[in-house]
> 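Let me begin by handing over the structure; questions about it come next.
The chains referred to below are lettered A, B, ... by the order of the sequence lines, with proteins before strands, and numbering in each begins at 1.
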Amino acid sequence: MATEAGRSPSLDPRLDALFGFDRDDEDWLRTVRDRRAEPSLGRVGPYELIEVLGRGGQGVVYRARQPGTGREVAIKRISAGLFASPESRARFEREIEAVATLDHPNIVAVYGAEVIDDQPLLVMQAIAGLPFDRWAALAGQRRPRREILGVFVLVCDAIQHAHQRGVIHRDIKPSNILVDSHGRPHVLDFGLARLERATPAAATLTQTGGFLGTPAYAAPEQLRGLVREIDVRSDVYALGAVLYEAL
Amino acid sequence: MPNSSLTTHVSLLSRLRDTSNHRAWSEFQHRYQELLGRYCRRRGLQAADAEDVVQTVFMNLSKSLPQFVYDPNRGRFRDYLYRCTKNALAEWSRRRNLRPEALDTSAVAAADDPADTTLWRDEWVAHHYRLAFERIRTDFDARNVEIFERNLNGESIAELARAYQVNEDAIYATRRRIRTRLQELIAAQVQEEDQIDGDGSRPKPVA
C-alpha cells in the first residue's frame, strides 16, 4: 500500500533531496534523526555546560556542573561576551553588585562571581521549578487562591528584602519567579536591577538604554522610559500585575 | 502546495527592513539563534563563545539588512547568512587571539573547507526541520505526534502497533501524514526565507 511505499509526492526535487524526502521512510527517518543530534555545549572554564536555561537581552543562563563537587549550578554570562558593549558589561557588573547584597530564602542564592576568559560570570543556585504563572495554572486547573496568595506573600517578602537594601528589581514577571516542588518561590534575574545608591556613572547607564523590562508587567513610568521616576513603586506595580494574572 | 499561512503574509525579512520593528527582530533572533549557535558549536566553539559569535551576527545583520540591494547572482538568504556567520567567526577569532593566552585558531581554520559548507547545509536542514516540527506539534494531536516521535527514536512499526493497540497500517498512515506535512511546511519555509518584499530579493553579501 501507499503508506508502505515510503515516498512523498515531490515538490521541488533539489529541496526533496536536501531534506531526504527522496528516500524511503526508514532512510528518511535516519536523516531526520541525524540532523536532530545535539552538538555538545562544551565548557566555560571548569564548568561543564548541560543546557541553556534561559536567554534574554542581558545574558544567557546555563545549567552547569561544578567541577569537584559535581553540584549543578546556574551560570549567567553576559550576552555577546567579548563583543559586549561597555554599557552591557557595566550593567552586568551592577547585577553582580546588587545580588551580592541580598540574602533571602526566596531570592536565588548566589555562590559567587568569577571572571573566566575576561568574562564576568555569576554562579547561582540551580532551581528546578515552574514559572509562577504556570505553577498557578498547573494541569489547566487553577490552584486555590489561598495557595497562590501564600506563595505570593513570600515573593513580596523577598522583594521587600531587596528594597530595604536599595535594590529595585525592575523586571518582575512570572518567568522570574520559579516555584519549586515544595511550593517555595525563588525570585531571580536581577539583570535590570537598579541600586538606589547608584553612582552618577551608573545612573547615566540606566538612562541611556531606553526602555528595559517587560511591557506587560512594567509600570507606566517604566514604559515611558522615565528612569528617574522608577522606584520601589514600579516593582509593586509589577507584583500587582503578576498577582492579577495569576488569580 | 506550500502552506498559505507561511507565504501570504509579508515575509519576516521584509519586516526586518524596518529597524524599528522590534517584534520582527525578536522573531528573527528566535528563529535563527539555534541554527547559528549549533553551527558555531559544530565548528568547535564552546557554547558560550558561540553565543558571542551569534550576537555579533545579529548586530551586523541589523545594520546590513535594512539597506540590502537586490542582486540575484549573489545567492540565497542562507548563503548570505553563512557568509555573515563566517565573518563573525573570523572576527571572534581575531579578538580572542589578541589575548596572549588564547592562540587557538582551529575553529576558523576550516572556513574555506568544502566540508564546512556541508556542515552549514546540514545545520540549515536541521533548522528547517526544527521549525516544521514546532508546527507539527500544533497541527497534529498529541497521540499521533508521540507515535511519530517514538518511531523517529527507533521503535519499530510493529512495536508501536502493539503499544497503541492499533494495526500496523494505522502507524504507517500516521507517519505518512506527518512526513507529507513536514514536506509541505519546509517547502513553504524555504520559499519565505528567500522573500524580501515578496520578489525573492536578497541582501548583498557582506564583504
> Please classify the contact of B/Q29 with chain A as side chain, backbone, both or neither, using a heavy-atom distance under 4.5 Å.
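For B/Q29, no heavy atom lies under 4.5 Å from chain A.
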> What part of A/L18 is in contact with chain B, defined as an atom under 4.5 angstrom from a non-hydrogen atom: side chain, backbone, both or neither?
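Both parts, backbone and side chain.
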> Do we see a donor-acceptor contact under 3.5 Å between the side chains of A/E221 and A/S234?
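Yes, a side-chain donor-acceptor pair sits under 3.5 Å.
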> So which part of A/L41 gets closer than 4.5 Å to some heavy atom of chain B, the side chain, the backbone, both or neither?
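Both parts, backbone and side chain.
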> With no hydrogens and no angle check, is any side-chain donor or acceptor of B/S93 less than 3.5 Å from a backbone partner on B/L89?
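It does not hold such a pair.
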> Any cation-pi pair here, B/R78 with B/W124, using under 6.0 Å and within 45°?
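Yes, B/R78 and B/W124 form such a contact.
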> Quick one: what part of B/V125 sits under 4.5 Å from any heavy atom of chain A, side chain, backbone, both or neither?
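When you check distances to chain A, atoms from both the backbone and side chain of B/V125 fall under 4.5 Å.
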> Looking at A/R43 and B/Q46, would you say the former's side chain and the latter's main chain have a donor-acceptor pair under 3.5 Å?
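Not confirmed, A/R43 side chain does not pair with B/Q46 backbone.
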> Between chain B and each of A/I75, A/V32, A/L49, count heavy-atom pairs under 4.5 Å; write down the option with the most.
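Of A/I75, A/V32, A/L49, A/V32 has the most heavy-atom pairs under 4.5 Å with chain B.
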> With a 4.5 angstrom heavy-atom cut-off, could you sort out which part of B/F58 is near chain A: side chain, backbone, both or neither?
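For B/F58, neither part sits under 4.5 Å from chain A.
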> One thing to verify: whether B/R23 and B/E27 come together as a salt bridge, which I'm taking to mean a side-chain N less than 4.0 angstrom from a carboxylate O.
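No salt bridge links B/E27 with B/R23.
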> Could you tell me which of B/I186, B/L152, B/L182 has the largest number of non-hydrogen atom pairs under 4.5 Å with chain A?
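Ranked by contacts with chain A, first place is B/L152.
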> Relative to chain A, which of B/R121, B/R130, B/R177 shows the most heavy atom pairs under 4.5 Å?
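Winner by heavy-atom pair count: B/R121.
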> Does B/R76 make a cation-pi contact with B/Y82, if we ask for NZ or CZ under 6.0 Å from the ring centre and within 45° of the axis?
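Output no; distance or angle outside limits.
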